[in-house]
2 protein chains.
Amino acid sequence: MPKLGMEPLRRRALVAATIAEIGAVGSLEVTVSNIARRAGVSSALAHHYFGSKDKLFLAAMRAVLTDFGAEVRAALRGVRDPRQRLSAIVRVSFSETSFRPEVIAAWLNFYVHAQNSDETQRLLRLYQARLHTNLMHALRPLAGPRADTIARTTAALIDGLYIRQALRDPAPDARRAVQLVTDYLDDALAASAPLPERTPA
Amino acid sequence: MPKLGMEPLRRRALVAATIAEIGAVGSLEVTVSNIARRAGVSSALAHHYFGSKDKLFLAAMRAVLTDFGAEVRAALRGVRDPRQRLSAIVRVSFSETSFRPEVIAAWLNFYVHAQNSDETQRLLRLYQARLHTNLMHALRPLAGPRADTIARTTAALIDGLYIRQALRDPAPDARRAVQLVTDYLDDALAASAPLPERTPA
DNA sequence: TTCTTAATTGACTCGTCAATCAATAACCGA
DNA sequence: TCGGTTATTGATTGACGAGTCAATTAAGAA
């Protein structure tokens, strides 16, 4: 039944299956066979298109990063107010698409994989750098010299909330996560405001 | 050369070797043989004393948690002032013994392993609960109703800083990590202080 | 129609590794 | 010194899994 032009379809399906399988198994100890089965093809085909298990992992990771990047860009488009740009970044970080158990598990495992794969490490650093840039862009006008510290703290906080969700049984609590980061930003920005205007209770 | 009373020695050596090996390899895809070699014994002996690879992992994890718990308790002993208790907890979190590349890698991998091992999950939750309790104890007098939020944020921040160190090539930067958490706490506590006394710049 | 190329797979190879086991060595108490 | 126990390992088994390959099917081109 070989139809032509299957390649992009298969690639997409295999990448999605990889993420799903990593999420289901909870580690990178997944078999190419199982991933392929999930995608409805043979393991040989997975090797045919991706060459190796590692390349398949990399492709999956790039997909996650690309999706996230696109979502951030979309959320930022048109938003000019710095504080609202911050909110948008935070919101997307815990959005429906990014903050799902499978994707969270994938992230966690990408961090592990980065210990051995230079390319994975590179991609993760790229993500971190982009996030930092986005945060700085919004923070500089709000926090001046403290922007860098706040940006790093925010990024670490987001990562920490991710890793902690990896332990929860039920669906991850995105609302709570957004709330925590938002609260943090409020405090940090209040403390950095050029003109303090906080009114005592 | 069989000397008697080797068991505790071997167990300790194997546990240490497990952490070292996980740190060196960067994942749980380590072989019992390599761990055993590192400990200077045969793989058969590792199985003899621990029964299975999984039990060995669990033992390693318990060791890390026990060390950490002991260090926290020691650092807290005698310190009464809440703010100083907070500092002590933060300091220990990034102390010489806990914040080493191998131990960081081990932590990261324990989180992964928790996805499949109920016992690992239980241990990790136990650690989180203890940390939360310690933080709350110190935060309640300082932040009142906001204590819970601040405690959760602090915990997530610590975890996030850990995971981020897993990507850095050189020695992890403990000083910077402590600084970030401390800065956060200062802001958060300033915002929660019953009587704001911040003086404008 | 015939040739080429894309799509696809079952079967196979080759390693690796956890776990087991039987065997050996030395210590100890009776 | 003898039997029991502890320490220890080399060799082996059995399973599993990544990657390869030759073979099959069909679609489009010539």
Side-chain angles (χ1 to χ4, degrees), chain A residues 1-61 109-110 112-113 115-117 119-120, chain B residues 1-61 109-110 112-113 115-117 119-120:
Chain A
M1 314 120 164
K3 309 260 175 79
L4 290 216
M6 283 290 103
E7 176 157 355
L9 286 187
R10 297 307 192 199
R11 290 189 103 99
R12 263 195 293 276
L14 281 163
V15 162
T18 301
I19 295 168
E21 186 70 11
I22 292 175
V25 174
S27 80
L28 296 180
E29 281 156 36
V30 294
T31 68
V32 175
S33 297
N34 283 346
I35 293 172
R37 179 165 331 132
R38 203 179 266 268
V41 299
S42 73
S43 73
L45 196 68
H47 278 102
H48 175 64
Y49 282 132
F50 287 94
S52 76
K53 193 184 180 181
D54 223 70
K55 302 246 187 71
L56 184 50
F57 282 157
L58 255 342
M61 185 169 173
N109 281 287
F110 291 155
V112 171
H113 197 233
Q115 312 274 317
N116 289 319
S117 155
E119 181 63 3
T120 302
Chain B
M1 314 117 165
K3 310 259 176 78
L4 291 213
M6 284 288 102
E7 175 156 358
L9 286 188
R10 296 307 192 198
R11 290 190 104 100
R12 264 194 294 276
L14 281 164
V15 162
T18 302
I19 295 168
E21 187 71 12
I22 291 175
V25 175
S27 80
L28 295 181
E29 281 156 35
V30 294
T31 67
V32 175
S33 296
N34 283 346
I35 293 172
R37 179 164 331 132
R38 203 178 266 268
V41 299
S42 74
S43 72
L45 195 68
H47 278 101
H48 175 64
Y49 282 131
F50 287 95
S52 75
K53 192 184 180 180
D54 223 69
K55 300 246 188 71
L56 185 51
F57 282 157
L58 254 342
M61 185 171 173
N109 281 286
F110 291 155
V112 171
H113 198 233
Q115 312 274 316
N116 289 318
S117 155
E119 180 64 2
T120 302

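Quick caveat: nothing in here was measured; it's all calculated off a predicted structure. Side-chain atoms are counted along with the backbone in the values below, which use heavy atoms only and exclude waters and symmetry mates. Below, chain A is the first sequence line, B the second, and so on; all start at residue 1.
- Comparing C:dT9, D:dT9, C:dA7 against the side chain of A:Ser42 picks out C:dT9 as the nearest.
- Note on B:Tyr49: a side-chain N or O is less than 4.0 Å away from OP1 or OP2 of D:dA7.
- Here C:dC28 presents its P atom at 6 Å from CG of B:Leu4, a figure rounded to the nearest Å.
- A:Glu7 pairs by the side chain to side chain contact (heavy atoms under 4.5 Å, CB included) definition with A:Arg11, A:Tyr49, not counting sequence neighbours.
- Between B:Arg10 and D:dT8 there is a side-chain polar atom (N or O) within less than 4.0 angstrom of OP1 or OP2.
- One interatomic measurement links the two molecules: NE2 of B:His48 to P of C:dT20, which rounds to 13 Å at whole-angstrom precision.
- B:Asn116 meets the side chain to side chain contact (heavy atoms under 4.5 Å, CB included) test with A:Ser27; sequence neighbours excluded.
- Looking at B:Leu28 and B:Phe57, their side chains come closer than 4.5 Å, going by heavy atoms from C-beta outward.
- Side-chain proximity of A:Leu45 to the nucleotides C:dT9, C:dC28, D:dT8 is greatest for C:dT9.
- Taking the salt bridge (Lys or Arg N to Asp or Glu O under 4.0 Å) definition, one finds that B:Arg10 meets it with nothing, sequence neighbours left out.
- Between A:Asp54 and A:Leu58 the shortest side-chain heavy-atom distance falls below 4.5 Å.
- For the pair B:Glu7 CD and D:dT5 P, the interatomic distance rounds to 16 Å; values are reported in whole Å.
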With the criterion being N/O to N/O and under 3.5 Å, what pairs connect the protein with nucleotides 15-19 of chain C, and how long is each?
unit_1	atom_1	unit_2	atom_2	d
C:dA18	OP1	B:Val30	O	3.2
C:dA18	OP1	B:Lys53	NZ	2.9
C:dA18	OP2	B:Val32	N	3.0
C:dA19	OP2	B:His47	NE2	3.1
C:dA19	OP2	B:Lys53	N	2.9

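- Annotation: side chain to side chain contact (heavy atoms under 4.5 Å, CB included) contacts of B:Ala59 (sequence neighbours excluded): B:Val15, B:Phe50.
- Separating the CZ atom of B:Arg11 from the C1' atom of D:dT8 is a distance of 15 Å, rounded to the nearest angstrom.
- In this view, A:Phe110 satisfies the ring pair (Phe, Tyr, Trp, His ring centres under 6.0 Å) rule with no residue, not counting sequence neighbours.
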Using the 3.5 Å cut-off, write out each protein N or O paired with an N or O of nucleotides 21-24 of chain D and the distance between them.
none

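- In terms of the side chain to side chain donor-acceptor pair (under 3.5 Å) criterion, residue partners of A:Arg37 (sequence neighbours excluded) are, by chain and number, A:Asn34.
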Show which side-chain atoms of residues 38-46 of chain A pair as donor or acceptor with protein atoms under 3.5 Å away, not counting sequence neighbours.
unit_1	atom_1	unit_2	atom_2	d
A:Arg38	NE	A:Glu21	OE1	2.7
A:Arg38	NH2	A:Glu21	OE1	3.0
A:Ser42	OG	A:Ala44	N	3.4
A:Ser42	OG	A:Leu45	N	3.3

